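What follows is a single structure, written as structure tokens, with notes after it.
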Amino acid sequence: MKLSRRNFMKYASATTATLLGINLLGCSSRQSTGGVEIGKLSTVVMGYGKDHKLKGGKWGIGFFPKVNTLEKLVEYDLEKDEYKPFLAEKWEVENGGKSITFVLKKGVKFSDGDELTADAVKFTVLWLTANHPLGQETFESADVVDDYTVTIHYKKAEFLNLAKMAEFHMSIMSPSSVSPKGDVKGEWVLPIGTGPLKVADYREGEYAVYEPNVYWYERFGLEPNFEKLVVKFIKDEDTRVMALRSGEVDCLSDYCHGGSDYTPRNQLAPLRQDGYKVFKRGEPLTWVIAFNYTKEPFNNVNARKAVDLAVDRNEVVKIFNSEVYPAETLFIEKAPGIKEAKAQGIVYKPNPDEARRIIKEKGYSNLNVKLIVDKAQGDQILVSQLVQEKLNDVGFNVELEVLESGAYKEKRDSGEYDMRLYYIGGTDRRFYMRLYWRFHPETKWKVYESERTGNLCKKILGEFDESKRRQLLVEFYKAVYEERGVVPLYFDIMTVVTSPKMDMTWDETFKWPNGYEVGEPLFYDV
Amino acid sequence: MVFTGGGIILCILILSCLAPIAGDPCSVNMDERLSPPSFKHPFGTDQLGRDMLSRVLHGGRVSLIVAITISLLSMVVGCFVGAVSGYFGGVVDDVIGRIVDVFMSIPEIVLNIAMVGVFCAVYGVSTFIVIFAVVFTNWVGYARLMRGMVLSLKEREFVLCAKAIGAGEWYILFRHIIPNAAGPLIVLATLNIGNVIMTIASLGFLGLGIQPPIPEWGQILNSGKNYITTAPWISFFPGLFIALSVLGFNILGEGLNAES
Amino acid sequence: MYVVRRAVQAVITLLGVSLISFSLLYIFPGDPAEFILSIRYGYEPSAEDVARLREELGLNRPLVTQYLDWLSRALRGDFGMSWTEPKAVMPLILERAQASAELFLATFLISIFFAFVLGILSSIYRDRWIDHLTRMFSMLGISIPSFWLGLVLIWIFSVNFHLLPAFGCCGIKHLVLPVLTWSFSFMAIKTRFIRASVIEELSKEYIVTARSKGLAESAVVLRHALRNALIPIVTYLSMSVSHLIVGSIMVEVVFSWEGLGTLLVKSVFERDFPVVQALVFLSGVVMISVNLVVDLLYTVIDPRVKYGE
Amino acid sequence: MLMRCVNVSKSFKVGRRRIEVLKGCSIAVDEGETVVLFGESGCGKTTLGRVLLMLVKPDAGRVFFKDTEITAPTREFRKSVQLIPQNPDEALNPRWRIYDSIAEPLRVHGLAETMNEEFDAVAAIAEKAGLKEEHLHRKPSELSGGELQRAVIARALILEPEFVVCDEPTSMLDVSVQAAIVRMLMDIQKRTGVSYLFITHDLELARAIADRMYVMSGGRVTGELRKEELRELSRESLIRCELPRVSARF
Amino acid sequence: MLKVENLVVRFKSRVGVVRAVDGVNFDVVSGERFVFVGESGSGKTVLAMALVRLLPNNATVTGRVIFDGVDLLKLSEKEMRKVRNCKIAYIPQNQASLNPLMKVGYQCAEPLVEQGLERGRIMRKVSELLEFFGIGHRFKDYPHKLSGGMRQRALLVMGLSREPEMIIADEPTKGLDAVKREQVVEAFQKLGRRTLMVITHDLPFAEKVADRIAVMYCGKIVEISPAREFFDCPLHPYSKGLLESLPERGMNPIKGFQPSLVNLPEGCRFRERCDLSTARCAEEPPLLEVDGSLVRCWLYADEMC
């Protein structure tokens, strides 16, 4: 090949220029294909930490679309510990709790205009049974009684079945959500539900665009005051805040699940100060120190008690700029049975001197214990360092290991640890779900198990009677307290931060138009 | 230049040796959290009220010790491989040359991240893994330099003369070749330590490096980054020290290079 | 002849790179199938599931067969399925590649341009103030961590002055900060190198010849010194691609730029190893091709390197 | 014959090509003789010199020292033959003092028992080579080319070798220095009876010192001239390599 | 044609100020071949470069260099460029003086391009000249393909092509072996009567080329003589020593070592190596005229008296 240098330079510069040109074009064209016109008043842009997985994922679609595009048969009121009709008008527990017959509201329409019927509920149940871990362990089958009546058969006869129906995983979706329509093994298309939002556009990892579901607004007699809700997925929490401050997004919402995809708690105060509105709600989601309770030394209640006494919750919450609440009880006060338990003196209080005494007396001095933390849960690294210091103060010798999620899980499963940070509870309607996941002897993600707490947990989750359940709950709290099964640290919160120009209120964020208060933020009135 | 660079490094070395005087980097004091630089805490305090001065200085210890360890280990490995390759030549050289090519072809940090990631997924992050992963990619530079030096020194007339005198191979290697390769090697090592400090800090910043509670600059910087509006000192000082120490080593290296 | 030899060398290197990327998945003890399932579902998979997946992925075959299979697929651009997303690896990478390429090209062109200008100026005005300034700047550029600089720039320009967007991609405005951050260090490296190369060439004897001809200083520097200095500079190009990749990771992470750098870090965190594997392999491929191109460029730029010799 | 080689061939690999540097060369050097190896640059004379010293192993052919064939150099052989290379700047380890370089052969062969003995030997040879004592304690970078070459010669001669290959030892030096160095070499030869194989491309120099001269061209020894013949030869005919082809005497 | 008066070149170095050229006076007549001889470190190359002002920035040049009635040291850089381009062709040492990336022909033509000549004429001229020196076929080759002798000839062509009033050639035979040296001698003999100043350490070469010889020692001219006289009967003890060092003249070395330029002896710089030195030599000897030659030695001062 013979190429003179003059020619080579010519070709090289031409190529470079072309490449640059293509790129610039690429830039502009990509911008327009997004279909997003930022800055229009009717469009609201939100920053969110996690992809919405509208094409489906491990646990189905993301939690945000589950909450905002779909609805549940029943809603749960944490304060009253009461299940309220939502898509279902009323229900009947049958067969000793093994079946529940739901009567659906009439005239409810999916966002594509189809009416909500018993078939849709049956489809949802079957789809979940076939595709969803939670569905698999819950449902037996579903029978359509008539257009608006459906009986769901469960694998076990227990109260938890009803509680699960308020869980967002169990939200009802249209058979058109899959292709071919109604095929439970079919390919997932888009979530089509009865909720306030409907999906307009989605680009994986980048954004999702929602529009108001007019049928929903009709049903509640409301007028949507926005045309588009654009949710941008911004993984990094600091970047999200910067995006809000720079005006690139109008609001931020926490990811409604234990984890760290939330607005950094220490940013809330400065944001408030700068005129941003922060809507905050306490949740029955409690971060705890969990123990390896099958292994020395924490198979002994005294050791666990020493840990409990050593840690000052009021200091822990300072890490979060005191935006979260110190956990003196197992759950927030609103949660069922907590008030009663508190009245009985079931309150976790620090007492380092007592801790020191126990450690000395029981010979735990300078005992090497390993505390493991999942790195993905950023703030917990700080919490664990504080805990480490506090425990070292009273005489333990804590080795802290911050682990990558996989290694953390492996160590957790193989029992190569003594303590770890974990959470129990969740948003309101997940209350019983979490109780089940964290304390039921049969589940994998247990936090603590003893015969006493295990039995109580089973009883609670089987008990349909509200007052009996409450009694059992108090007993359960007491058992956990006495055995120091876990050491509660703080109650997490759920926040939505909006720019001053947005017109949102706390009520519209955490309450349905019919007044039912819920844990996850809602976006029907942004 | 040597003096400027050496001075900066010396300062950082002395400061990090004095780190224990600055107090315990892990001692928590929630009442003083996020306090700005003051007389009591010249660099302020972090989210847990820990003294940033102490943390940064202890971080300096960690960074320097780890970086120097890595650099030394890579030097040993690289020099050995390079010397063998250059001295024996032939097939050995070809094989080693290809291996070096392979390592040169994968951007260091990509392989570092991948390796730390894979290993940590299984064993959990430990300082040892970080050291191993960085050495794994870092030795190549030394090997290349050493090979080149040996190849060119081998051809120098004084080596020929030593052979003519009747000196043995090992004598020549250790008395003639290695001492003469020492100059460029020291220059490379100096620059390399700077690079390694940066690599470790980068890994730390990505959350893949040395993990808390061990204070490490990159990781402190990372933990401070969401306080950049409220408590900028948390990320400012580690960043400053990374920059300073890398600068120190670079200036020193360049100075040494100019001298030799 | 030379081209053939060089190509053979490149192929061997490529094999080595593929071996390293392949073994990334196999250096750790344990069963990838189990690993995949536990990642995908978050809980311990059943023995049958594991066995089925092992069969499906061909993990029961000897390692050599697996490697050859992987390699042949990799060369066709098929890196298998991602472990965390219901997608193949290659489209996942291609999707991100454009964003990276934009950043990459912009940075490369801008910093190369300024590096040449600064490098040449400072070599001409050696030991004058412009030289001192340039050298100071390049020293700082090398030493200041880009992630730190990025944070500071975001803080200043996006948060305090609301001038520029802090994150995200596409569009000229979004490019400004990342490119600025990245160029700072990259330019520093290049400037230093260009300065050193030009100074080196200016001290050569043929420069005296050129001056003795009565050429203007600009002709001496541009026509004679710079052209010769281009040889080491072009050699260094392969190194700069490596520098660019390194920089890209940190800058992309800081600015949440949805490019390959963030993909790598995300995949590492999510343990999506096929993606990691593919990225390591592809970065190797890119580097090898750049090296190859550079070596072939030699034959065009430098008449002393001849094909057969 | 003190030193001779018969039909020596050598080729080197340069890149992909094999270059034949020596194509069957035979030369011989007698005791106390100065034999000049003359040829233009690139004709292979340096390689031939190195083959004689067994610093380069020939591909074919044999090398004899005192009528024993040398296949692998022994310690004795190394002690008896030495090399003075061309470029004095390169010939000394830049990190060593001149003293150490000169003393190196003693150390390698373990010939000096005490420090004093070593020092005396070095001082003696340095004086013969025309070096002052102050020179001994400097590094090579602090000396001029002529001084360095003296040090190199001192090192080569400290073991009192019987045969020395001088590979263009003065081609990098000025004429006045060249004269001094060559004079010195000749003086030493008179005193010790050492033989030189003196490689050069300078005909005038060759004429001035040679007892016998071999002419090399293109990797072959193309001629051999005795002192008398050398005197008669015109400069022009030598440059054009118009030399009488003389058959080897062995 | 060229008159140099009291030229001094100083270099600032770490060890101190080095006076590489120290008070040099000479003139070159039009059409003459003037050869400087001297050993390395005598300052002859520095002198040549100082004349055309090509020394690096750390050198300070004082004195007067008058060429065609103009003091070159007072010219602006731009005017000086013109002088280099059209009037004085400086031909540097040949080792690495050609740009490795440019074809020989183009490099030879470059000064003409600078002069603004028309392309065809340049081509013709350069190829004619290359042909004249026997390397016409090398027009389109890169320098690395040329042998040392060819390179030197190419450099000559580069100098000649612009038809300068004077050529200054610096060490044209350096690093060449006998055969190639011969080629260069031939090339120089082909030059005809041009004003030529040659710097060399190669006495046989000087003998073949020179009309007049100047000998430099440690930055000073110690003797300027017509060539024949110089080789027959040199005046200065150093010149004698130098000639006697030649192999063909008996190879009698000069005793001692050349002093370093930083640390020069007072007075005559050769005095420590000179067999004839007297107490008077501690004083700087004047440049004396003896039989049409100039010599800097006290020996001849007596004869004058």
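Keep in mind it's a predicted model, so treat the numbers as computed, not measured. Every chain is numbered from 1 and lettered A, B, ... according to where its sequence line falls, protein lines coming before strand lines.
- With a 6.0 Å radius and a threshold of 12 heavy atoms from other residues, nucleotides or ligands, E/K82 has its NZ atom at or below the threshold.
- Within the 4.5 Å cutoff, side-chain heavy atoms of C/N228 are placed close to those of E/P100.
- Only the side chain of C/I231 comes within less than 4.5 Å of a heavy atom in chain E; its backbone stays farther off.
- Remark: C/F114 CZ is loosely packed, at most 12 non-hydrogen atoms of other residues, nucleotides or ligands lying under 6.0 Å away.
- Checked by atom type and distance alone, the side chain of C/K213 pairs as donor or acceptor with a backbone atom of E/Q107 at under 3.5 Å.
- Heavy-atom distances place no part of E/M80 under 4.5 Å from chain C, backbone and side chain included.
- Heavy atoms of C/R223 lying under 4.5 Å from chain E belong to its backbone as well as its side chain.
- By the 6.0 Å contact criterion, CE on E/M123 is open, its count of non-hydrogen atoms from other residues, nucleotides or ligands being 12 or less.
- A donor-acceptor contact shorter than 3.5 Å links the side chain of C/T209 to the backbone of E/S97.
- Considering only heavy atoms from C-beta on, E/L101 stays 4.5 Å or farther from C/L230 through its side chain.
- Annotation for C/V208 and E/Y90: closest pair CG1-CE2, 4.0 Å, computed over non-hydrogen atoms.
- Sparse packing is recorded around CZ of C/F113, with 12 or fewer heavy atoms of other residues, nucleotides or ligands lying under 6.0 Å away.
- Looking at C/E217 and E/E77, their side chains never come closer than 4.5 Å, going by heavy atoms from C-beta outward.
- The contact between C/A216 and chain E is made by backbone and side chain atoms together, counting heavy-atom distances below 4.5 Å.
- Put simply, of E/R81, E/R84, E/R162, the one with the most heavy-atom pairs under 4.5 Å next to chain C is E/R81.
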